[in-house]
Amino acid sequence: MKKYKIIFWVATTIIILWEGIMPLSTLLFAPEYANAGTKPLGYPDYFAHTLIIAKALGVFAIAYPKTPGRLREWAYAGLTFSLIFAFISHAFVDQNVGFMLLPLIVLGILAISYVYNHKIHTHG
């Protein structure tokens, strides 16, 4: 059980940093760069701001231990869709392999968090 919690929290911490704190801090402290990842893909400026807020809320729902299970599931689903669509956007617009792989790597880490979250709640 302790091993499951360690794996869950390491993966979840990476997700918190990458999908929550980094985008939110960009929005708060360097808003001129908030749309740096979405503008080249053709998305409007408001999309980047909305995506950042949604990611921050999703990360909070995953990390907060008292989040109801159904809400946590929706948070995992939302982040999953976000990462899949990031991959698709890069694949169709700029075809940059590095930009295409990064969302898939983060998706793999999110999957580890998800699997070990279920193991903790099933065995604990």
*Hydrophobic side-chain clustering at under 4.5 Å (ILVMFWY, transitive links): who's grouped with Phe29? Put none if nobody.*
Leu24, Leu27, Leu28, Ile52, Ile53, Leu57
For residues 13-22, dump all side-chain donor-acceptor pairs below 3.5 Å to protein atoms at least two apart in sequence or in another chain.
from  : atom 1 : to    : atom 2 : distance (Å)
Thr13 : OG1    : Trp9  : O      : 2.6
Glu19 : OE1    : Lys55 : NZ     : 3.3

*Return the minimal non-hydrogen interatomic distance between Ala75 and Ala61, and the atom names on each side.*
CB-CB, 3.7 Å
*Quick one: which residue pairs count as a ring pair (Phe, Tyr, Trp, His ring centres under 6.0 Å) with a foot in residues 46-69, not counting sequence neighbours?*
Tyr43-Phe47, Phe60-Tyr64
When the side chains of residues 99-118 are checked against the rest of the protein, which donor-acceptor pairs come out under 3.5 Å, sequence neighbours left out?
from   : atom 1 : to     : atom 2 : distance (Å)
Ser113 : OG     : Thr12  : OG1    : 2.7
Ser113 : OG     : Tyr76  : OH     : 2.7
Tyr114 : OH     : Glu73  : OE1    : 3.0
Tyr114 : OH     : His118 : NE2    : 3.1
Asn117 : OD1    : His121 : ND1    : 3.1
His118 : NE2    : Glu73  : OE2    : 2.7

*Could you give all pairs that pass the side-chain hydrogen bond (donor to acceptor under 3.5 Å, both in side chains) test and reach residues 28-37, with sequence neighbours left out?*
Asn35-Asp45
*Quick one: pull up CD1 in Ile62 and CH2 in Trp74 and give me the separation to the nearest 0.5 Å.*
14.0 Å
*Please answer: with hydrophobic residues joined when any side-chain heavy atoms are less than 4.5 Å apart, are Leu71 and Phe81 in the same cluster?*
no
*Compare all side-chain heavy atoms of Val93 with those of Pro40 and state whether any distance is below 4.5 angstrom.*
no
*Name all pairs fulfilling the side-chain hydrogen bond (donor to acceptor under 3.5 Å, both in side chains) condition that reach into residues 92-112, sequence neighbours left out, sorted by first residue then second.*
His90-Asp94
